[in-house]
Amino acid sequence: MRLRHIEVFQAVLQAGSVSGAARLLNVSQPNVSRVLNHAEQQLGFALFERSPQGLIVTPEGRRLMPEIDALFSHIQTISALAEQLRQGEGQHVRMGSAHTLGQVIMAPVLANFRRQTPGGSVELVTTHFNTLSQDLLQYKMDFALTFAEQVPGELIAESVYQANMVALLPLDSPQEGPVSLSWLCDNELLMLQQQDPLGQVLNRVLHENGLSPRSQLYIKTYSVIADVVLAGGGVGVVDTFTASRYRGQLKILPVVEYLPFEVILLSRKDQPASQAALKLQQLIRHKLWELEGQLLSHS
């Protein structure tokens with residue numbers, strides 16, 4: 001099938017008739033009929049059955065529908081990318097980040113970018129890893145800043161930060177120095193969800209040490225864990241960025257066990273970064289190094 005055949009087939013499916021398809025495509029009705037007949041002649045089978053009620057897709061045509069829908073979805077992606085290129089994407093950056101990184105890293109980075117790149121613009125979305133990956137795969141995003149997980153083959157991940165998770169305790173807690181996971185479990189450790197990147201690490205180390213937390217609270221958002229600790233609902237384990245936002249409100253202590261996490265810049269292999277995107281990534285790395293220095297100075 002040629003692309004024009006597919007376009008007409010899709011239009012007839014949407015409109016339910018040749019005349020409706022002609023209106024959708026802004027062409028004459030005989031033109032649609034001619035293309036449809038030519039497609040069926042080349043294929044060697046009918047795509048539609050003609051009935052008094054209109055055109056009804058044949059079993060053969062129905063089997064083609066999922067592939068044609070996928071093709072049109074890809075065409076729409078190409079059209080969107082072409083429009084972005086036409087508008088000059090060099091100065092416009094579409095990026096995403098994990099919620100915590102958006103709050104702690106991207107907020108000051110965007111302020112710096114605005115000062116240093118007056119002609120540039122940034123579109124920022126904060127969401128979860130799976131959504132970030134899908135948006136990158138569909139060319140809806142230039143790059144993303146997120147916690148490391150398994151990356152699809154079409155994407156590349158650049159490690160920009162590595163650290164260990166830390167414990168959050170109420171400010172009046174008498175506990176000092178590193179705390180063990182065993183102690184945390186005995187003191188109502190609030191759990192990260194198992195499918196979460198930090199939750200995967202925490203659950204793995206708990207399992208390796210034969211530990212089970214008493215708390216039945218499973219929380220996705222890291223800042224909510226800190227808020228629950230602040231409200232007296234237990235103790236938590238979070239990334240250093242979340243912990244830094246609660247300095248002075250909660251006691252932040254290292255954990256005895258090794259609980260590593262990693263921050264990555266995620267992008268497509270086949271999509272070179274624009275100058276504005278490279279500038280933004282440079283500012284992100286600088287902010288991460290700056291925060292790391294601040295965290296070490298307080299440890």
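Atom CZ of Arg63 sits in a sparse spot, with 12 or fewer heavy atoms from other residues, nucleotides or ligands closer than 6.0 Å. The environment of Gln150 atom CD is sparse: at most 12 non-hydrogen atoms of other residues, nucleotides or ligands sit within 6.0 angstrom. The number of heavy atoms from other shown groups lying within 6.0 Å of CZ (Arg62) is above 12. Heavy atoms from other residues, nucleotides or ligands lying under 6.0 Å from CD of Gln194 number 12 at most. Arg285 CZ: more than 12 foreign heavy atoms inside a 6.0 Å radius. Residue Glu67 qualifies as open at atom CD: its count of foreign heavy atoms under 6.0 Å is 12 or below.
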Please list, one pair per line, the donor and acceptor atoms closer than 3.5 Å that link side chains of residues 19-29 to other protein atoms, with sequence neighbours excluded.
| unit_1 | atom_1 | unit_2 | atom_2 | d |
| --- | --- | --- | --- | --- |
| Ser19 | OG | Ser17 | OG | 3.3 |
| Ser28 | OG | Asn31 | N | 3.3 |

Q. Please walk me through it: do Asp239 and Tyr161 pass side-chain contact (heavy atoms from CB on, under 4.5 Å)?
A. CA-CA 11 Å; Asp239 62 283; Tyr161 183 85; over 6 Å; no

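Not a single donor-acceptor pair under 3.5 Å links the side chain of Glu158 to the backbone N or O of Leu265. No donor-acceptor pair closer than 3.5 Å links the side chain of Glu149 to the backbone N or O of Phe129. Under a 3.5 Å cut-off, the side chain of Thr146 and the backbone N or O of Ser97 do not form any donor-acceptor pair. Although no hydrogens or angles enter the test, the distance criterion places no donor-acceptor pair under 3.5 Å between the side chain of Arg268 and the main chain of Glu154. Distance alone, capped at 3.5 Å, places no donor-acceptor pair between the Ser73 side chain and the Asp69 backbone.
Aromatic ring orientation, Phe147 versus Phe241: tilted (interplanar angle from 30° to 60°).
For Gly236 against Val229, the heavy-atom pair with the smallest separation is N-CG2, 3.6 Å. When all heavy atoms are compared, the tightest approach of Ser223 to Tyr246 is O-OH, 3.2 Å. The two atoms that bring Asn203 and Gly199 nearest to each other are ND2-O, 2.7 Å, heavy atoms only. Listed here is the closest heavy atom pair of Ser244 and Val104: OG-CG1, 4.2 Å. Considering every non-hydrogen atom in both Ala273 and Leu278, the closest pair reads CB-CD2, 3.8 Å.
Under a hydrophobic clustering in which Ile, Leu, Val, Met, Phe, Trp and Tyr are joined whenever their side-chain heavy atoms come within less than 4.5 Å, directly or via other members, Met106 and Met141 fall into different clusters. Val35 and Leu3 fall within a single hydrophobic cluster, where Ile, Leu, Val, Met, Phe, Trp and Tyr are joined by side-chain heavy atoms under 4.5 Å apart, directly or via other members.
Applying the salt bridge (Lys or Arg N to Asp or Glu O under 4.0 Å) rule to Lys251 yields the partners Glu176; only residues at least two apart in sequence or on another chain are considered. Looking at residues two or more places apart in sequence or on another chain, you find no salt bridge (Lys or Arg N to Asp or Glu O under 4.0 Å) involving Arg245.
Annotation: the span from Leu47 atom CG to Ile6 atom CD1 amounts to 10.5 Å, rounded to 0.5 Å. Note that the OG1 atom of Thr240 and the CD1 atom of Ile252 stand 9.5 Å from one another [nearest 0.5 Å]. From Thr100, atom OG1 reaches atom OH of Tyr222 across 6.5 Å, with rounding to the nearest 0.5 Å. Distance check, rounded to the nearest 0.5 Å: NZ of Lys140 to CZ of Arg94 gives 10.5 Å. Of the inter-residue distances, the one linking Met191 atom CE with Leu202 atom CG reads 4.5 Å to the nearest 0.5 angstrom.
Salt-bridge check for Arg4 with Glu7: passed, with a basic side-chain N closer than 4.0 Å to an acidic carboxylate O.
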